[in-house]
Novice: 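Quick one: structure below, then a few questions.
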Amino acid sequence: MLDASEIEALFTRSDERYVFARWGRAISPVVFGVTDETLKVVKGAIEAVCLVSNHHMAETDPELGSNAMFFFFNEWSELLDVPKLDELVPDLAGMVARVSAADANQYRVFRFDEEGAIKACFTFIRMDQHMSDVPAETLALNQAVQMMVLWSDRAFINASPLAVMEGGGVIVKPEVSGLLAAAYDAVMPVAATDPSHALRLAARMPKKQ
């Protein structure tokens with residue numbers, strides 16, 4: 001089980017600010033750049049993570065249509081040719097330049113509502129050699145976990161949120177699924193910037209993993 005200090009670290013950013021947010025609405029995903037078979041894998045992964053988080057999905061979002069967009073591509077520059085994407089992602093050209101310079105293979109952009117809850121997430125995945133070597137189920141489940149809450153930019157750098165089962169399948173680690181369930185507890189706030197929030201999360205973690 002994760003203790004309060006470990007939980008606090010997962011939401012404390014590089015500038016030492018504690019920042020937490022969860023979805024305040026149902027998740028309505030759409031996936032670009034994959035086959036129909038992979039589409040099913042990605043949506044299945046989101047459904048699985050919503051299930052362990054006690055959150056829910058919907059066919060459409062009344063405000064945005066789709067609020068969880070996943071883009072799979074080979075080169076960052078391809079994003080500049082996506083129609084109207086620059087209207088959804090502020091400073092798209094600047095973002096593409098930064099992640100290209102960093103040779104990044106993934107990036108997420110979140111949008112928030114007036115209460116600070118997540119209302120949209122854009123997940124960009126460049127299929128470099130490393131990403132191409134990752135099984136589709138693992139890649140999809142990891143990305144689903146990453147977009148469920150606003151994790152620290154340092155979270156999961158040294159340890160994956162997933163665990164490999166006997167037989168080769170993957171699951172969300174029990175301590176991570178327990179944390180997501182605690183985060184989506186109805187009495188918990190949709191957003192928080194006070195580290196004491198981590199204590200409240202710890203109190204709602206399952207006692208046994």
Side-chain angles (χ1 to χ4, degrees), residues 1-14 17-24 26-27 29 31 38 40-57 68 70 72 104-108 110 117-118 121 123-125 127-128 130-192 195-209:
M1 187 178 93
L2 298 171
D3 62 27
S5 63
E6 291 170 318
I7 293 172
E8 182 177 338
L10 289 171
F11 299 109
T12 301
R13 308 190 66 78
S14 297
R17 290 182 303 127
Y18 185 93
V19 184
F20 166 87
R22 73 183 192 200
W23 286 83
I27 297 174
V31 186
T38 303
K40 294 177 184 176
V41 172
V42 174
K43 288 193 172 182
I46 298 170
E47 187 174 17
V49 176
C50 281
L51 187 62
V52 302
S53 305
N54 297 319
H55 194 51
H56 48 284
M57 295 173 64
F70 292 79
F72 291 80
N105 56 20
Q106 59 183 299
Y107 192 76
R108 273 167 294 280
F110 289 91
I118 299 170
C121 178
T123 298
F124 303 103
I125 302 167
M127 296 302 293
D128 63 3
H130 171 73
M131 286 296 196
S132 298
D133 290 341
V134 177
E137 293 81 2
T138 303
L139 178 59
L141 193 59
N142 183 59
Q143 294 300 327
V145 170
Q146 298 277 6
M147 54 86 74
M148 280 306 292
V149 293
L150 186 64
W151 301 101
S152 163
D153 53 333
R154 300 182 294 196
F156 308 125
I157 289 178
N158 298 317
S160 169
L162 309 182
V164 179
M165 300 183 296
E166 288 186 31
V170 292
I171 60 169
V172 181
K173 286 181 178 177
E175 61 268 28
V176 175
S177 60
L179 178 55
L180 288 172
Y184 278 87
D185 188 310
V187 304
M188 294 293 287
V190 295
S196 64
H197 174 259
L199 294 171
R200 297 181 64 191
L201 288 173
R204 286 166 176 78
M205 288 285 288
K207 299 306 178 188
K208 294 182 179 180
Q209 299 292 340

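In what follows, every heavy atom counts, from backbone to side chain, and hydrogens, waters and symmetry copies are set aside. Remember, predicted model here, so these are calculated numbers, not experimental data.
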Novice: Distance from D133 atom CG to L139 atom CG, nearest 0.5 Å?
Specialist: 11.5 Å
Novice: Between CD1 of I27 and NZ of K43, what distance do you get to the nearest 0.5 Å?
Specialist: 12.5 Å
Novice: How long is the gap from OG on S132 to CD1 on I125, to the nearest 0.5 Å?
Specialist: 11.0 Å
Novice: Please answer whether the main-chain N or O of S14 pairs with a side-chain N or O of D153 as donor and acceptor at a distance below 3.5 Å.
Specialist: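 Side chain of D153 to backbone of S14: a pair is present.
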Novice: Can you list the residues that meet the salt bridge (Lys or Arg N to Asp or Glu O under 4.0 Å) rule with R108, with sequence neighbours excluded?
Specialist: none
Novice: For the residue pair Q143 / Q106, report whether a side-chain donor-acceptor contact shorter than 3.5 Å exists.
Specialist: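 Side-chain D/A pair, Q106 to Q143: present.
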Novice: Give, for atom CG of L10 and atom OH of Y18, the distance between the pair rounded to the nearest 0.5 Å.
Specialist: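 Taking CG in L10 and OH in Y18, the distance rounds to 9.0 Å.
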Novice: Please say which of K173, M205, E8 ends up in a side chain to side chain contact (heavy atoms under 4.5 Å, CB included) with L2.
Specialist: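 Output: one option passes, namely M205.
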Novice: R154 side chain to R13 main-chain N or O, any donor-acceptor pair under 3.5 Å?
Specialist: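 Side chain of R154 to backbone of R13: a pair is present.
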Novice: Taking atom CE of M127 and atom CG of N105, what is their separation to the nearest 0.5 Å?
Specialist: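 That separation rounds to 9.0 Å.
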Novice: Where is the tightest heavy-atom contact between T138 and L162, given as atom of each residue plus distance?
Specialist: O-CD1, 3.6 Å
Novice: Run the numbers on I46 and F70 for side chain to side chain contact (heavy atoms under 4.5 Å, CB included), then give the verdict.
Specialist: CA-CA 11 Å; I46 298 170; F70 292 79; 3.5 Å; yes
Novice: Which heavy atom of M147 sits nearest to which heavy atom of W23, and what is that distance?
Specialist: O-NE1, 2.7 Å
Novice: Determine yes or no for a side-chain-to-main-chain donor-acceptor pair under 3.5 angstrom, with S152 supplying the side chain and T12 the backbone.
Specialist: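 Yes, S152 side chain to T12 backbone: donor-acceptor pair under 3.5 Å.
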Novice: Backbone N or O of C50 within a donor-acceptor pair of the Y184 side chain at under 3.5 Å?
Specialist: no
Novice: Can you give me the closest heavy-atom contact between V145 and P161, atom names plus distance?
Specialist: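 Nearest heavy atoms, V145 then P161: CG1-CB, 3.9 Å.
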Novice: Give a yes or no answer on whether the side chain of E6 reaches the backbone of D3 with a donor-acceptor pair at less than 3.5 Å.
Specialist: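 Yes, the answer is positive, given that a donor and an acceptor are paired below the 3.5 Å cut-off.
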Novice: Could you measure the distance from the NE2 atom of H56 to the CG atom of L51? Nearest 0.5 Å is fine.
Specialist: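 Spacing of NE2 (H56) from CG (L51) equals 13.0 Å.
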Novice: Do R200 side-chain atoms and S196 backbone N/O form a donor-acceptor pair below 3.5 Å?
Specialist: no
Novice: State, to 0.1 Å, how close G178 and P206 come at their nearest heavy-atom pair, and which atoms those are.
Specialist: CA-CD, 3.9 Å
Novice: What heavy-atom pair brings A183 and V149 nearest, and what distance separates the two atoms?
Specialist: CB-CG1, 4.4 Å
Novice: Below 30° counts as parallel, above 60° as perpendicular, anything between as tilted: where do the rings of F11 and H197 land?
Specialist: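 It falls in the perpendicular class, over 60°.
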Novice: If I compare all heavy atoms of A140 with all of V42, which pair ends up nearest, and what's the gap?
Specialist: CB-CA, 3.8 Å
